[in-house]
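Below is one structure, written out as structure tokens; the observations come after it.
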Amino acid sequence: MVDPGGDIPRVLAELEQLGVTLEKIILTHGHMDHVGGTAALVQATGVPVEGPHREDAFWLHMLDQQAAMMGFEPQPTFVPGRWLEHGDTVSVGHAKLQVIHCPGHTPGHVVLFSEPDRLAWVGDVLFKGSVGRTDFPKGNQQHLVNSIIQRLWPLGDDVRFIPGHGDMSTFGDERLNNPFVADKNFG
Ligand SMILES: [Zn+2]
Ligand SMILES: [Zn+2]
């Protein structure tokens, strides 16, 4: 599972419904809406946690404050069993996901890419028609744009992506239409 933000009873019910066994939890970045259910899901299933990049450790340390800021109950914090680095591989079943460090929304944000499936999990780096906010502590708009253009676009226009919020899209569509990172913005 990528980014269990919460609603763990629903997640567990869905796993049972699908008849699948959870193998691991992968985290793209340390924001509460992506990691808030991690401790509960680990407690329920015992699976390991991989990611995000160590640069997001401060966000995990701040889970309680994040919850308070957003008006949720305090969330137990945790330490991932493995921090991810640019160029790492994460295995899930027979799949091998490439780890791409994409700072900007948060400094330790990672994207997961399945080359054979032409599919990327991009968290809050890129959305259909938008990009992640950069007004949080250690956010950086220029880093975010560089991450998208230098590290995501080279994967290919045909790559579909699953964002942390909203609808799926493809890198090619965003290069044409995304007001923040379309090719035409950069001459
Ligand atoms: Zn976020
Ligand atoms: Zn988010």
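Start at 1 and go down the list; that is how both ligands and their atoms are numbered.
Between W59 and H31, the ring planes are perpendicular. Angles over 60° get that label, and only those under 30° would be called parallel. Ring orientation note: the planes of F161 and F171 are close to parallel, at an angle under 30° on the 30°/60° scale.
Under a hydrophobic clustering in which Ile, Leu, Val, Met, Phe, Trp and Tyr are joined whenever their side-chain heavy atoms come within less than 4.5 Å, directly or via other members, I100 and F127 fall into different clusters.
Counting backbone and side-chain atoms alike, H29 contributes an N/O/S atom closer than 2.8 Å to the Zn ion (ligand 1). In summary, H34 places no N/O/S atom under 2.8 Å from the Zn ion (ligand 1), failing the contact criterion. Here H165 meets the criterion, with an N, O or S atom under 2.8 Å of the Zn ion (ligand 2). For a distance bound of 2.8 Å, the N, O or S atoms of D3 include none lying that close to the Zn ion (ligand 2). For the Zn ion (ligand 1), the N/O/S atoms of D124 include one lying under 2.8 Å.
The side chain to side chain contact (heavy atoms under 4.5 Å, CB included) test with D56 singles out one residue from L27, T106, V110, V35, and that residue is T106.
The atom of D33 that is an N, O or S and sits closest to the Zn ion (ligand 2) is OD2. Among the heteroatoms counted here (N, O or S) of H31, ND1 is the one nearest to the Zn ion (ligand 1).
Taking 4.5 Å as the limit, some side-chain heavy atom of V90 sits within range of a side-chain heavy atom of R82.
For the atom pair D158 CG and R160 CZ, the distance stands at 10.0 Å (nearest 0.5 Å).
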